[in-house]
Amino acid sequence: MRPRARLGALLVAAFLGPVTLLACDRAPSGASLKEWSAADHDGEKKTGGPTGKQGARGASDAGGAAMLVEATWQSQCATCHGPGGHGDGPQGPMVRAEDLSKDAWQAGIDDAQIEASIRNGKGKMPKFDKLPDEVVKGLVARVRSFRGR
Ligand code: HEC
């Protein structure tokens, strides 16, 4: 009985070992977002082949970008800023993240400054200099949408 149990454990280890490695090999969603570039998107379009649905495809691209912005906000920003930008994410109080919904704050900053703070970081906020342009612009619009909420 004993040797068999050991063999079983060995088999389990042999089986789970590679699976665990594979799981670790997978980049977390945040990291893979950063690798995305506009060039990837062009590739997607070309491999799609001619279907004559350019309009529809254009629309779904825009939807894809919006989803990427949303995913980026939720995974990279909401940890500090909270889902609605109030600075109430799990790490928000620790770093004293700005309440981005405040009128006074919104009125005192222009889009270029918001973009620069995202790209270069500010105070305890890390820089996000690997995000595609499209996503940074989308995040600026996202930040603007918090105004007065
Ligand atoms: C580690 C926590 C943290 C994360 C993650 C984070 N921020 Fe911030 N953010 C801060 C802090 C803290 C401030 C206030 C910085 C200061 O004024 O010193 C700030 C400030 C800002 C500001 C105001 C900048 C200014 O010029 O006044 C914007 C806009 C902003 N963050 C957007 C974002 C976006 C978009 C993301 C995700 C891509 C993000 N933040 C991720 C902590 C964070």
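For ligands, and for the atoms within them, numbers begin at 1 and follow the listed sequence. Keep in mind it's a predicted model, so treat the numbers as computed, not measured. The first residue in the sequence is number 1, and the count goes up from there.
At least one N or O atom of His81 sits closer than 3.5 Å to an N or O atom of ligand 1. Of the N or O atoms in Ser117, one or more lie within a sub-3.5 Å distance of an N or O in ligand 1. Ligand 1 has no nitrogen or oxygen under 3.5 angstrom from a nitrogen or oxygen of Arg96.
For Ile109, every heavy-atom contact with ligand 1 shorter than 4.0 Å involves the side chain, none the backbone. Proximity of Pro126 to ligand 1, defined as any heavy-atom pair under 4.0 Å, is confined to the side chain (atoms from C-beta onward).
Checked against the 6.0 Å centroid criterion, the rings of Trp73 and Phe146 qualify as a close aromatic pair.
At the top of the distance list for atom 22 (C) of ligand 1, counting protein heavy atoms only, stands Leu100 CD2, 3.8 Å. Protein heavy atom at the shortest distance from atom 41 (C) of ligand 1 is Phe128 CE1, 3.5 Å. For atom 2 (C) of ligand 1, the closest heavy atom belonging to the protein is Cys80 SG, 1.8 Å. Of the protein's non-hydrogen atoms, Met125 CB, 3.6 Å is the one closest to atom 42 (C) of ligand 1. Closest to atom 18 (O) of ligand 1, if we only count protein heavy atoms, is Gly123 CA, 3.8 Å. The nearest heavy-atom contact from the protein to atom 27 (O) of ligand 1 is Lys122 NZ, 3.1 Å. The closest protein non-hydrogen atom to atom 36 (C) of ligand 1 is Cys77 SG, 2.8 Å. Protein heavy atom at the shortest distance from atom 23 (C) of ligand 1 is Trp105 CZ2, 3.3 Å.
Interatomic distance, Asn120 CG to Glu115 CD, rounded to the nearest 0.5 Å: 9.5 Å. A distance of 6.5 Å separates CD in Gln76 from CG in Leu131, rounded to the nearest 0.5 Å.
Each of the atoms 29 (C) of ligand 1 lies under 4.0 Å from some heavy atom of Ile114. Contact atoms of ligand 1 toward Gln76: 5 (C), 37 (C), 41 (C) (distance under 4.0 Å to a heavy atom of the residue). When each atom of ligand 1 is checked for a heavy atom of Glu98 under 4.0 Å away, the hits are 14 (C), 17 (O). Each of the atoms 35 (C) of ligand 1 lies under 4.0 Å from some heavy atom of Ile118. Contact atoms of ligand 1 toward Ala97: 11 (C), 12 (C) (distance under 4.0 Å to a heavy atom of the residue).
Side chains of Val69 and Lys137 form no contact here, defined as non-hydrogen atoms less than 4.5 Å apart. Side-chain contact between Ile109 and Arg144 is present, with at least one heavy-atom pair separated by less than 4.5 Å. At a threshold of 4.5 Å between non-hydrogen side-chain atoms, the residues Lys122 and Gln113 do not count as touching.
Contact detail for Met125 and Ser117: the closest heavy-atom pair is CE-O, 3.5 Å. Nearest heavy-atom pair, Ala107 versus Arg147, reported as atom, atom and distance to 0.1 Å: CB-NH2, 3.8 Å. Taking every heavy atom of both residues into account, Val95 and Cys80 meet most closely at CG2-SG, 3.9 Å. Closest of all the heavy-atom pairs between Pro83 and Ala78 is N-CB, 4.0 Å. The heavy-atom pair separating Asp133 from Arg119 by the smallest distance is OD1-NH2, 2.8 Å.
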